[in-house]
J.: 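Provided herewith is a single structure, encoded as structure tokens, for subsequent inquiry.
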Amino acid sequence: RTMVHFRRSCRFLRRYEPVLFCAVVVLNLIPILSVKYFPTVDGPAHLYNAKLIIELLSGGSSWNDFIGFNGSFTPNWTGHLLLSLLLKLFSPSIAEKVILGIYLVGVPLLVRQLLSQLRAPSLVLVYLVFPFLYSYLFHFGFFNYHLAIVFFFAGLIVWVRALNSTSNRIWILAGLMAFLIALSHPFVFGLYLVLSLVMTIGIKMDSDPSLLRVFLRQLVVLSPGIITTSFFLLSSDSINQSTSRIPWDDLLISFKYIMPIKGLNVELYHIPSKVLLYLFSGLVIVALTGIVIPSVKPRISLYTWVGVTVLTSLLVFIFPDYLGDAGLISSRLMWFSFIFLIIALALVDFPRIIRYMVLFVALSLTVWSINHNFTQIKPASDLAAEIVELSESIEPGSTVLSITNFGNRQFSRVGHYAGLQNDILFLRNYEAELSYFPLVWNYEGLPKFRLGLVGPTDCAGWVEGARETRTIDY
């Protein structure tokens, strides 16, 4: 009788599983939809600079002499242009939700589509992606980077189709997707290059004796993105700057405790990370011991994705964590390595009982993640709303020095919300100080700002110009 009930449950789940998946995608948006603002480290600054871009393009900015467009090429335009468009259509709080939602909705849907295209027998393992979405990289507010991840998986889907097609249209589309990734983030594009090469070898080695011809076509298609990324890297001083590495034993600990799932208040992730550790370990052991057989014959082999997972994991130990201003390289690679591991495991034909056990664990962790992120972000959202309300008392056309003492780096730039509905200039704009964002300071046009008689200090620094002295307004 128990087996009869189990079979009925399996049939019911197979029939309505797509509905369940869509429901989980929607429910996973609760943390960003249930609050007015969703503060991240860089998110408020991205919103503020997107608003400045609109004002500079329309000619209605009060700060043309102080800040302007970057004359050098930068790949960080995608997120800022999208934010600028969204700010023209919606309020800042809605624009923020849309760009965060593109990532939270796009990644699970695209990974599922990729697995369907690969004919993965254990498709339900895609639910393991959800606990990795609200990672600490997400809470850093790297809008361009997370948009690039969405384009990355969309590009993989197109690439697999192109490798199994002779249509020029699909290859042109593959080239456009690659170019879009390159315009969004050079790191993600570099990883896309590696993965596209590995997939090409995995798919075409047995079916196409002329690998050289395939590689030449691939080079032509990817050349716009390669040229774009190469030009940026060669013109950037980051590659000539010092590097910083994380010790190998610390990296091993990060793998052990599944660091990529951890977001706000990492100490609260102790149980979820242990559950995932045991789950992944069990699945890998079951697959390696031959209890299950990868009987599926997808368009790209299971072993290709195992190789991709191993390669990405090794790169975590090879690459530095910081290369000049470019940072968290190890964390980014580690996040991708776990997503690739999920894809590889989904290509294994696990017994039905194991698949549904994984589904239950993944749903439980997702519910925990939703509740955790909602409760943790609520105080910061209330603070952001209060800052926006207080900004109405600032006189338009004023200069503002934002000093944040929130006790948590996650919200160190929350003060930039004050500039979203008021014509003010923040003197601590980290984007304008770096060479790889759309806007930069015009140091020749900036005054020497003073806080009373005090200039910039280590504890309260701000941009320093070369013209006459001017007092900071707020």
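These numbers come from a predicted model, not from an experiment. The basis for the numbers below is simple: all heavy atoms, side chains too, and nothing from hydrogens, waters or symmetry mates.
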J.: Would you say the side-chain atoms of His372 and Asn265 include a donor-acceptor pair closer than 3.5 Å?
T.: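 No, no side-chain donor-acceptor pair sits under 3.5 Å.
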
J.: To the nearest 0.5 angstrom, please state how far the OG atom of Ser273 sits from the CD1 atom of Ile258.
T.: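 Result: 7.0 Å between the selected atoms.
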
J.: Tell me whether Ser281 contacts the main-chain N or O of Tyr278 through its side chain, where contact means a donor paired with an acceptor under 3.5 Å.
T.: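 No: the side chain of Ser281 does not pair with the backbone of Tyr278.
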
J.: Find out whether Leu333 and Ile329 are in side-chain contact, i.e. whether some heavy atom of one side chain is under 4.5 Å from a heavy atom of the other.
T.: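 Of all side-chain heavy-atom pairs linking Ile329 with Leu333, at least one is under 4.5 Å.
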
J.: Ring centroid separation for His139 and Phe38, is it under 6.0 angstrom?
T.: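 Centroid separation for His139 and Phe38: below 6.0 Å.
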
J.: Can a side-chain donor-acceptor contact be found between Tyr417 and Glu96 if the only test is distance below 3.5 angstrom?
T.: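 Short answer, yes.
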
J.: For Ala162, is there any backbone N or O sitting under 3.5 Å from a side-chain donor or acceptor partner on Trp171?
T.: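 Yes, the answer is positive, given that a donor and an acceptor are paired below the 3.5 Å cut-off.
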
J.: To the nearest 0.5 Å, what is the distance between CD1 on Ile32 and CZ on Phe138?
T.: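 Reported value, rounded in 0.5 Å steps: 6.0 Å.
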
J.: Flag this pair as yes if the NZ/CZ of Arg332 is under 6.0 angstrom from the six-membered ring centre of Phe142 and inside a 45 degree cone about the axis; otherwise no.
T.: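 So Arg332 does make the cation-pi contact.
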
J.: Quick one: does Tyr134's side chain get under 4.5 Å of Asn28's, heavy atoms only?
T.: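 Yes, their side chains come closer than 4.5 Å.
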
J.: Do the two ring centres, one from Tyr145 and one from Phe140, sit under 6.0 Å apart?
T.: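 Here the rings of Phe140 and Tyr145 have centres that are no less than 6.0 Å from each other.
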
J.: Return the minimal non-hydrogen interatomic distance between Leu83 and Ala95, and the atom names on each side.
T.: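 Closest pair (atom of Leu83, atom of Ala95, distance): CD2-O, 4.2 Å.
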
J.: Say you draw a straight line from CG of Leu27 to OG of Ser369; how long is it, rounded to the nearest 0.5 Å?
T.: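 Answer rounded to 0.5 Å: 12.0 Å.
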
J.: Would you say Ser337's side chain and Met334's backbone share a donor-acceptor pair under 3.5 angstrom?
T.: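 Looks like yes, one N/O pair under 3.5 Å.
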
J.: Crowded around Ile318 CD1? As in, over 12 foreign heavy atoms under 6.0 Å?
T.: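 Yes, CD1 of Ile318 has more than 12 neighbouring heavy atoms, counting only those of other groups under 6.0 Å.
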
J.: Look at atom CZ of Phe360 and say whether more than 12 heavy atoms of other residues, nucleotides or ligands are closer to it than 6.0 Å.
T.: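 Open: at most 12 neighbouring heavy atoms sit under 6.0 Å from CZ of Phe360.
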
J.: Determine yes or no for a side-chain-to-main-chain donor-acceptor pair under 3.5 angstrom, with Thr78 supplying the side chain and Leu183 the backbone.
T.: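 Yes; judged by distance alone, with no hydrogens or angles, the pair exists.
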
J.: Could you give me the CA-CA distance, side-chain angles and deciding distance for Trp159 and Thr200, then say whether side chain to side chain contact (heavy atoms under 4.5 Å, CB included) is met?
T.: CA-CA 9 Å; Trp159 193 260; Thr200 301; 3.4 Å; yes

J.: Any sub-3.5 Å donor-acceptor pair from Ser381's side-chain atoms to Ile377's backbone N or O?
T.: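 Judged by distance alone, no pair lies under 3.5 Å.
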
J.: In Å, rounded to the nearest 0.5 Å, how long is the span from CZ of Phe340 to CG of Leu195?
T.: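 Phe340 atom CZ to Leu195 atom CG measures 5.0 Å (nearest 0.5 Å).
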
J.: Looking at every non-hydrogen atom in both residues, tell me the closest pair between Leu100 and Phe143 and how far apart they are.
T.: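 That would be CD2-CE2, 3.6 Å.
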
J.: Got a sec: does the CZ of Phe21 have more than 12 other heavy atoms crowding it under 6.0 Å?
T.: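 Check passes, neighbour count above 12.
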
J.: Would you please test Tyr269 and Trp368 for ring-ring contact (aromatic ring centres under 6.0 Å, His included) and show each step?
T.: CA-CA 10 Å; Tyr269 282 82; Trp368 182 90; 5.0 Å; yes

J.: Do Ile99 and His146 come within less than 4.5 Å of each other through their side chains, counting heavy atoms only?
T.: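 No, side chains not in contact.
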
J.: Do you know the tightest heavy-atom contact between Ala346 and Leu125?
T.: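 Where Ala346 meets Leu125 most closely, the heavy atoms are N-CD2, 3.8 Å.
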
J.: Can you tell me how far the CD1 atom of Ile354 sits from the CG atom of Leu283, to the nearest 0.5 Å?
T.: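 It is 7.0 Å, given to the nearest 0.5 Å.
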
J.: For Leu173 and Arg161: C-alpha separation, side-chain torsions, deciding distance, then whether side chain to side chain contact (heavy atoms under 4.5 Å, CB included) applies.
T.: CA-CA 10 Å; Leu173 181 58; Arg161 289 178 181 173; over 6 Å; no

J.: With side chains defined as the heavy atoms from C-beta onward, is the minimum distance between Phe317 and Phe255 less than 4.5 Å?
T.: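 Phe317 vs Phe255: side chains touch.
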
J.: Please assess His416 against Asn49 for the test side-chain hydrogen bond (donor to acceptor under 3.5 Å, both in side chains), listing each intermediate value before the final yes or no.
T.: CA-CA 9 Å; His416 281 71; Asn49 282 281; 5.8 Å; no

J.: Counting C-beta onward and ignoring hydrogens, is there a side-chain heavy-atom pair between Lys262 and Ser254 closer than 4.5 Å?
T.: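 When only atoms from C-beta onward are counted, Ser254 and Lys262 do not touch, as no gap falls below 4.5 Å.
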
J.: Distance alone, cut at 3.5 Å: any donor-acceptor contact between the side chains of Asp42 and Tyr430?
T.: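 Yes, Tyr430 and Asp42 have a side-chain donor paired with an acceptor closer than 3.5 Å.
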
J.: Any side-chain to backbone donor/acceptor pair from Ser230 onto Ile227? Under 3.5 Å, distance only.
T.: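 Absent.
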
J.: In Å, rounded to the nearest 0.5 Å, how long is the span from CG of Leu180 to CZ of Phe151?
T.: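 Between atom CG of Leu180 and atom CZ of Phe151 there are 4.0 Å.
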
J.: In terms of heavy-atom contacts, does CG of Asp249 have more than 12 from other residues, nucleotides or ligands at under 6.0 Å?
T.: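 For Asp249, atom CG is crowded (more than 12 foreign heavy atoms under 6.0 Å).
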
J.: When you measure from the side chain of Thr229 to the backbone of Pro186, do you find a donor-acceptor pair of N or O atoms at a distance under 3.5 Å?
T.: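 Pair absent, no side-chain N/O of Thr229 close to backbone of Pro186.
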
J.: Is there a donor-acceptor pair closer than 3.5 Å between any side-chain N or O of Asn144 and the backbone N or O of Gly79?
T.: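 Yes, Asn144 side chain to Gly79 backbone: donor-acceptor pair under 3.5 Å.
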
J.: Apply side chain to side chain contact (heavy atoms under 4.5 Å, CB included) to residues Arg112 and Val129 and explain how you reach the verdict.
T.: CA-CA 10 Å; Arg112 182 186 176 92; Val129 169; over 6 Å; no

J.: I'd like to know if Arg355 pairs up with Asp349 as an ion pair, taking the criterion as any Lys NZ or Arg NE/NH1/NH2 lying under 4.0 Å from an Asp or Glu carboxylate oxygen.
T.: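 Salt bridge flag = yes for Asp349 with Arg355.
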
J.: Any chance the side chains of Asn371 and Thr375 put a donor and an acceptor closer than 3.5 Å?
T.: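 No - no donor-acceptor pair under 3.5 Å links their side chains.
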
J.: Minimum heavy-atom separation for Leu341 and Thr309, please, with both atom names.
T.: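 The pair with the smallest heavy-atom distance is N-OG1, 3.5 Å.
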
J.: Step through it carefully: locate the ring centre of Phe152, locate the ring centre of Phe187, and say whether they are under 6.0 Å apart.
T.: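 Ring centres of Phe187 and Phe152 not closer than 6.0 Å.
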
J.: Going through the distances and angles, do Phe130 and Val25 end up as a side chain to side chain contact (heavy atoms under 4.5 Å, CB included)?
T.: CA-CA 8 Å; Phe130 287 105; Val25 170; 3.7 Å; yes

J.: Is there a side-chain contact between Val107 and Phe132 (heavy atoms, below 4.5 Å)?
T.: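 No; the side chains remain at least 4.5 Å from each other.
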
J.: Any non-hydrogen side-chain atom of Leu365 less than 4.5 Å from a side-chain atom of Ile261?
T.: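 The answer is no, as the side chains (C-beta and beyond) never meet within the 4.5 Å cut-off.
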
J.: Does Lys97 reach the main-chain N or O of Lys36 with its side chain, forming a donor-acceptor pair under 3.5 Å?
T.: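 Yes, because the side chain of Lys97 sits within donor-acceptor range (under 3.5 Å) of the backbone of Lys36.
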
J.: Measure across Pro224 and Thr228 and return the closest heavy-atom pair with its distance rounded to 0.1 Å.
T.: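 Scanning both residues completely, I find the closest heavy atoms to be O-OG1, 2.7 Å.
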
J.: State, to 0.1 Å, how close Ser122 and Leu345 come at their nearest heavy-atom pair, and which atoms those are.
T.: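 What the structure gives for the nearest pair is CB-O, 4.3 Å.
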
J.: Please examine the side chains of Ser330 and Val316, heavy atoms only from C-beta on, and report whether any two atoms are closer than 4.5 Å.
T.: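 The answer is yes, as the side chains (C-beta and beyond) meet within the 4.5 Å cut-off.
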
